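First up is the structure itself, then whatever we jot down about it.
Residue numbers run from 1 in the order of the sequence given. These numbers come from a predicted model, not from an experiment. We count ligands from 1, going down the list as the structure has it; atoms in each ligand are counted the same way.
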Amino acid sequence: MNPATDATRDTRAPFQPVSSLDYIPREQLRGLQSERLRQAVHHAYVHLPVYHQRMQKRGLTPADIHDLDDLAKLPFLVHTDLSDAYPFGMLGLPIGQVVRLSPFSGMGGKPIVMAYTRRDLEVWIELLIRCLACCGIHPGDVLQNACTGELFADGLGLHAAAEALGATVIPVSGGDTDRQIMGMKEFGVSAVCSTPSYFLHLVERAEKLGVNLRTLPLRAGVFVAELWSEATRRQIEESAGIKAYDVYRLPEVIGPGVGAECSHQDGLHIFEDHLYPEVIDPASGDVLPDGQEGELVLTTLSKQAMPLVRYRTRDVTAIIPEPCPCGRTVRRIRRIGRRSDDVFVIQGVNVFPSQIEAALLAVEGVVPRYQVVLAAEKGLDQAEVQIEVTPQIFSDRLSAMEALQSKFAQAIEHNLGISVAVRLVEPHSITGQQDTTGQQDQRVVDRRSTPN
Ligand SMILES: [Zn+2]
């Protein structure tokens, strides 16, 4: 490898923004979080009718919330609370105090609008500075900001944060990829901010143009807005000679800036002095201990215009209990691989499709197309995992196929702790299936509610 293009060649000491609370002692952080929580709950109780009602139903007032230990008593907010309240039903302050509105389309295309006061914007920029610092962006870096389309508003924040941090920013938005590649050469771009898929497009285009990105000063990619795999990360890092960092974006909460990977790339630090994370069992709503996988719930501890208390993100992750070798004291969550909507309960056990995928991967080294079909037989839940046979795993010997089927079944049973039926099916046969709501091509089809 050419040492000049080695992604790890940057030997400067880790950059720590002066304002950063990423490194404060846990005890001190907890005190700050509890104090901010009391204010946030009071703010939501007074200004959000939906939250006021939910707290009243539980017989709670803000006086019942003393510290973080009381958080689990509080009711949740969910995505539809935001879309139902569109446009201003979730405002925590009069519209006159709002300096920015960022509309976006939520689940099922229903509109949602995020509102910011001047202070909210300051906090957002502070978090994005910490985010960029986490991703190894230094003063002196040249950052090409290719956030575009739905990410236009995110791009505004990242732009301001990178400038405040002392980097040189080139706002290029999306499109005109050839021009972007030339710009990377001409301006000595050392970091790019975009979606991972746009960056892959850029890599592909650069190859066609005969530009070897590995020979450029490019060192880091700050990637937002998509769920991307470790395989994609390797592909990006190898093809461009960079380190690819995952940044957690949640438009309902704050856009990008909820959390980010540090140089260890082992989970995303959550900036929990402003956004407090919990992980819950998506079925029961109970808080899970650190290390256990479930649905991420976030509480905004300082948001003025749109405070959210215990907002269910639908993102599945786990809080990593071990401290990070980078020295940051704010906790990490595992990378978001999927949303909790797909979780299902079978024989009393919560099952995430990723557990099935891990089993399939262990057997064949790839995840073939698959679908889980849930049915009730004589009052008992039954699950069948249907797996499409690909040319790579196909054999014309029946015994080989039977052996493969039982290998899949054993691996799934090992991962889930319960046994499920496994059936190998023809290629492309899964695509045409429909569930009772008429939706196609789902990973989980639940037929338990409709008698056969
Ligand atoms: Zn770290």
Side-chain angles (χ1 to χ4, degrees), residues 6-30 32-33 123-139 141 143 158 161-162 165-167 190-193 196 219-224 227-230 232-234 236-237 242-250 253-279 289-293 296 298 301 313 315-337:
D6 181 349
T8 61
R9 72 184 182 277
D10 187 36
T11 52
R12 283 175 288 184
F15 168 65
Q16 298 178 14
V18 187
S19 64
S20 178
L21 288 172
D22 295 358
Y23 302 88
I24 67 167
R26 292 288 314 167
E27 194 113 320
Q28 204 181 327
L29 177 62
R30 204 174 158 80
L32 179 68
Q33 287 167 326
V123 169
W124 186 37
I125 300 309
E126 179 200 320
L127 296 188
L128 285 172
I129 290 173
R130 289 162 65 180
C131 219
L132 290 171
C134 227
C135 302
I137 309 300
H138 304 279
D141 263 320
L143 180 94
L158 284 158
L165 179 148
S190 57
V192 168
C193 186
R219 180 173 58 75
V222 177
F223 296 118
V224 291
L227 302 181
W228 48 300
S229 66
E230 285 299 320
T232 303
R233 191 209 298 271
R234 280 194 297 279
I236 287 175
E237 292 193 335
I242 63 169
K243 265 192 132 167
Y245 295 95
D246 195 1
V247 167
Y248 185 24
R249 166 187 188 259
L250 202 63
V253 174
I254 201 168
V258 178
E261 282 183 321
C262 67
S263 59
H264 294 274
Q265 294 175 312
D266 183 18
L268 290 84
H269 286 284
I270 295 283
F271 303 113
E272 56 173 317
D273 47 322
H274 288 287
L275 300 162
Y276 188 80
E278 300 169 274
V279 169
D290 284 3
Q292 218 161 308
E293 188 175 73
L296 180 68
L298 288 172
L301 295 179
T313 66
D315 286 334
V316 173
T317 185
I319 292 174
I320 300 173
E322 296 81 22
C324 185
C326 78
R328 283 177 177 80
T329 50
V330 286
R331 286 173 298 171
R332 290 167 295 161
I333 57 166
R334 282 194 211 132
R335 293 185 73 201
I336 310 289

Problem set entry | C134 near the Zn ion (ligand 1) via N/O/S, less than 2.8 Å | no
Exercise. With a cut-off of 2.8 Å, does any N, O or S atom of H264 fall short of it relative to the Zn ion (ligand 1)?
Worked result: no
For this session: Please note down the angle at the Zn ion (ligand 1) between SG of C262 and SG of C324, to the nearest 10°.
Result: 110°
Exercise. Do R233 and D246 meet the salt-bridge criterion of a basic N to acidic O distance under 4.0 Å?
Worked result: no
Problem set entry | Note: R130-E126 ion pair, threshold 4.0 Å (strictly below) | yes
Seminar exercise, completed: Sorted by chain and number, sequence neighbours left out, side-chain contact (heavy atoms from CB on, under 4.5 Å) with L29 holds for I24, R26, Q33, E272, D273, V330
Problem set entry | T329 side chain vs D22 backbone, donor-acceptor pair below 3.5 Å | yes
